[in-house]
*Asks:* 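Mind having a look at this structure? Questions to follow.
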Amino acid sequence: MADLKIRIGELEFKNPVTTASGTFGFGEEYTDFMDLDRIGGIFTKGTTIRHREGNAYPRMAETPSGMLNAVGLQNKGVDYFISSIYPRIKDYDTNIMVNVSGSTIEDYVATAEKVNELDKIPAIELNISCPNVKQGGMTFGVSCAGAAEVVRAVRKAYSKTLIVKLSPNVTDIASIAQAVEEEGADSVSLINTLLGMAIDAETRKPYLSTITGGLSGPCVKPVALRMVWQVAKAVKIPVIGLGGIMNTADAIEFFLAGATAIQIGTANFIDPAISVKVVEGINEYLDRHGCSSIYDIIGALEA
Amino acid sequence: MADLKIRIGELEFKNPVTTASGTFGFGEEYTDFMDLDRIGGIFTKGTTIRHREGNAYPRMAETPSGMLNAVGLQNKGVDYFISSIYPRIKDYDTNIMVNVSGSTIEDYVATAEKVNELDKIPAIELNISCPNVKQGGMTFGVSCAGAAEVVRAVRKAYSKTLIVKLSPNVTDIASIAQAVEEEGADSVSLINTLLGMAIDAETRKPYLSTITGGLSGPCVKPVALRMVWQVAKAVKIPVIGLGGIMNTADAIEFFLAGATAIQIGTANFIDPAISVKVVEGINEYLDRHGCSSIYDIIGALEA
Amino acid sequence: MVVSANIPLGSNHFLLKFTHKEQLPEMLPGQFVQVRVDNAPGVFLRRPISVNFVDQQKNELWLLVQKVGEGTRKMSEYKTGDVVNMLLPLGNSFTMPQSAQSRLLLVGGGVGIAPLLYMGSLLKQQGCNPMFLLGARSADGLMQIDDFKQFGEVFITTEDGSAGEKGFVTQHSKLQEHIDKIYTCGPTPMMQAVARFAQNNDIECEASLENKMACGFGACLCCVTQTQSGHKCVCSEGPVFNTKELSWQI
Amino acid sequence: MVVSANIPLGSNHFLLKFTHKEQLPEMLPGQFVQVRVDNAPGVFLRRPISVNFVDQQKNELWLLVQKVGEGTRKMSEYKTGDVVNMLLPLGNSFTMPQSAQSRLLLVGGGVGIAPLLYMGSLLKQQGCNPMFLLGARSADGLMQIDDFKQFGEVFITTEDGSAGEKGFVTQHSKLQEHIDKIYTCGPTPMMQAVARFAQNNDIECEASLENKMACGFGACLCCVTQTQSGHKCVCSEGPVFNTKELSWQI
Ligand SMILES: Cc1cc2nc3c(=O)[nH]c(=O)nc-3n(C[C@H](O)[C@H](O)[C@H](O)COP(=O)(O)OP(=O)(O)OC[C@H]3O[C@@H](n4cnc5c(N)ncnc54)[C@H](O)[C@@H]3O)c2cc1C
Ligand SMILES: Cc1cc2nc3c(=O)[nH]c(=O)nc-3n(C[C@H](O)[C@H](O)[C@H](O)COP(=O)(O)OP(=O)(O)OC[C@H]3O[C@@H](n4cnc5c(N)ncnc54)[C@H](O)[C@@H]3O)c2cc1C
Ligand SMILES: Cc1cc2nc3c(=O)[nH]c(=O)nc-3n(C[C@H](O)[C@H](O)[C@H](O)COP(=O)(O)O)c2cc1C
Ligand SMILES: Cc1cc2nc3c(=O)[nH]c(=O)nc-3n(C[C@H](O)[C@H](O)[C@H](O)COP(=O)(O)O)c2cc1C
Ligand code: FES
Ligand code: FES
């Protein structure tokens, strides 16, 4: 039984397995299938300052070894989260991190300030990389200056652990990670979805109401692994890796590439108990490889 | 029987189905499996000014719905191509286009000049996007200035149809396409491979000798389609679409997104006669949809 | 779940029966299951299929499936004894009528008849006399008619007139009679026509929607339908909706 | 190609026999086929497998396969009558000896014995008396011994001593005798040890390599091995190489 505890900023996680924003609701959707207390943490659905209806249906298309989504940050707004959801989920024995999304710096800041007040929310994940919203979102995440600007503003307003989620739709993700690190981010998580598109050849129509959407699932894993590896070499803060993790072996690959923790996203749809299985799998792997701590394999790629 | 003829720059193609560089050798490798004269064209293996040994083995890894390669432009150099390969392939009744690769502008120009002399090579594809070489290659392809610079130089040296192959590993592929169009490119082809990585969790080693490599196959199709759609809206020159095309329906999707021609890459490895089958499939699709010309579906997405 | 039977029905449909070593959980009419289809090329996500019938005595779950793509094609090859991973039961359910005297019409089109059989069986159990109006393109697309007859009177329409009345379900003569409540499932245009009819005639109407789903249990927000109170998840807040609640342009 | 038999051999190997409605093309010893494995999760590319034997009379191709991952696991489930898509024959071949009097040793390890059976059968046909030295981890990994015996004397080593001499093939006492030429196939470290032995004793040696392949017919340049004259494709310029030509650190 190896030691699975890891630390991101000030925050300790009982194990490095967390669930990705937008794929795990607020945790409650999964309680029929698994014990939330057994995973390291939960990243909530993207939360914005105001209620958002999201994009029109259809919002989803299956692709080879993956899927596209165009949910577009549907959520009831941060105040609703605080009044109605937070009370129901705050006592789970796992780290609950709010994924803070927005279209303007003011919105990001206002949302972060509100979440800062919540005792049982020890960290936020700043989503500067959502490809499914018209304004803001990804535009901040695709330039160093844009990313730095929003992180600087939120850093002032938010005193706890600040994780910044990076977009993979960029030329040089490592320099964006560095820009964000310089502004005081405690960690970066990557990758968000790759911008993609699907067309129905017979009807000649796009499958998504928004034409383009965010690609996730095993198809993106090679790109995600490469980016985690590039970013982990470029920054000193811990990296949270995600993108296409379906099982223990995938998770191990991200640790070897340099991730301190991982998030499981789309895989939750196919096996809603997968995150707990991966916790067990990592334990078994570490034992089998004679490792006493998860830190023994973080960045341990023999390259 | 619809009209499948298309035009790229000055060059006419009997049909819009061509094979992608690096996946089709110099055509000869496929003559056991199909009739080369039945496809619109062949893009040769990347050719450089001098002989290149390419990267060390292992150079390939299978990934979910795709593969990574790190061949690294192994080829015997343009002079060998001219003296030994060209004479054997020049009389095929299809357009043979040399994929010109390099590490410096001088190399690109020198190679293009030599190929310019070859009567039966009506076009080149300038590969400014290969992720598998240390210098040059992709570095030109990831900035507008870099792309413009190399295209400007080659345009002066090369008088026939100039196709520029774009890298998908960028924030804004449409503006790179525009930069290249301004410098006189007759067409852009996209996408080259996405930079990715694969790790063996058990041995803790990367699968490729180069650690990272180029991702291709159906897994990249959603990204490729999106980029073709973005670029086709941004430029006036014809776009050649590729990335994960495995069958007729995939090809149709690229035409609908705005491609005037397509390339088939990785799919050739799984079915070496696929390109001819796609020609037949497109014909059948156009008939079934009452189209008299391939141009009826180019850019015809109903969005 | 273990396949106990796979019965082809016509050229494009099949009926799968499953048993389980433990007792099946209670399933409500209108609920669905999420089937993981292994080893089918291009199938990544689970496939939602309605509960067609639950045989309490045999501890058996029935799924009525139409072959439309790789996932359902693979399912059509299931053999007795195959083990299939599924999540169940998912979603809300049709609501029972106010009174057993209500005149209830269950209107199904194509494979959309699937949830109506189970609903019909429970209505019958509760002392109602449900009527079924089942539509298909042609006689070949009509299934389980004898099963439906066990639970109530069956009326049929086919578009080509090869069985029952010719035309769409909404054109059937039975609709001229008094009806208190309609339960419907089928292609969206059909359900919308049924909903329009219900609205015009002041009839309660519940429809079971089949939006595309990724998770099936309310986590991804992919399957939404627009309602009077904003986007709702078809998988967790549906699949059954009172048609008045839906923002259908009807 | 149609599966005519699938015979399990020990716990981890199986022998597939295929027939074809037309006459099989001529296949050379050392050549291989590229099998398209459909409906296996995670299997995207074809899988290269050596020609194990060709039964001219029965128009039959044999493949000897070890289960190592999803592709070969799926192949292990093939049933008589299944139709399998493969490209064949691919690659170069072992070269025949100068004279029928040559003392020839065919050294195989694990599933690497596969191409040696066909090579042995052809050598025998041409009047040679090939000898086979077959190694495995333990007796369970020894296969087709009776088939090999039809074509020549068989010597065995196992790492655990459960059959034949204990140790590696390169430690077998038979190697003390005079040998003119060695043909080898098996794990790379084994082939390198064999090549070293051949070099030290001035014996001709041909090895069949098993590099990872994408296409299998010289188009992708993924499968290269470093040789005295640069990178060569194992699929089209191999899989058989004279070991002197290879840049092995031996
Ligand atoms: C709640 C619910 C209950 C359902 N109950 C049943 C049932 O009882 N029996 C049954 O046969 N089917 C049912 N369906 C539909 C069934 O889920 C799809 O037919 C199936 O997922 C198709 O999978 P496939 O892999 O065979 O086809 P795919 O290859 O996924 O698709 C083939 C074609 O069908 C279209 N398609 C796929 N899914 C849907 C969908 N949900 N809505 C509209 N078009 C779609 C695709 O766009 C494509 O054109 C239900 C769907 C939902 C959401
Ligand atoms: C020319 C040639 C001839 C061959 N002949 C035979 C034969 O006659 N019988 C036979 O059983 N096998 C043979 N092989 C090996 C066979 O191709 C692989 O075992 C097979 O492709 C594995 O597929 P899989 O999907 O089962 O395993 P995968 O899931 O692809 O791989 C499982 C594990 O095996 C490793 N692996 C896969 N392929 C290779 C390889 N080529 N070299 C080293 N490691 C590999 C992977 O890295 C992984 O760790 C041959 C290979 C070549 C190149
Ligand atoms: C349906 C869906 C909704 C998502 N919503 C969000 C979101 O609200 N905020 C966010 O930061 N990421 C969101 N994501 C991205 C995921 O958190 C994750 O970055 C991505 O899916 C890659 O991981 P995966 O391949 O494991 O799914 C969403 C992904 C999916 C599939
Ligand atoms: C093995 C391999 C070698 C390649 N070599 C080249 C090359 O030399 N020059 C080039 O421009 N693209 C090269 N490519 C990229 C392809 O031409 C194509 O852009 C890419 O594979 C995406 O298309 P696909 O998914 O259809 O394969 C290579 C791809 C593969 C798989
Ligand atoms: S399918 Fe995921 S919320 Fe309905
Ligand atoms: S496997 Fe493609 S060249 Fe050998």
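A, B, ... follow the sequence lines: proteins, then strands. Residue 1 opens every chain. The analysis underlying the following values was restricted to heavy atoms, covering all of them including side chains, and did not include hydrogens, waters or symmetry mates.
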*Asks:* With a 3.5 Å cut-off and sequence neighbours excluded, list the donor-acceptor pairs that the side chains of residues 109-121 of chain C form with protein atoms.
*Replies:*
residue: C:Y118; atom: OH; partner: C:M27; partner atom: O; Å: 2.5
residue: C:S121; atom: OG; partner: C:Y118; partner atom: O; Å: 2.7

*Asks:* Find the one option among D:A40, D:G42, D:P41 whose heavy-atom pairs under 4.5 Å with chain C are most numerous.
*Replies:*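 Top count of heavy-atom pairs under 4.5 Å with chain C: D:P41.
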*Asks:* Mind checking which of residues 59-94 of chain C sit less than 4.5 Å from chain D, heavy atom to heavy atom?
*Replies:*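 Checking residues 59-94 of chain C against chain D gives C:K74.
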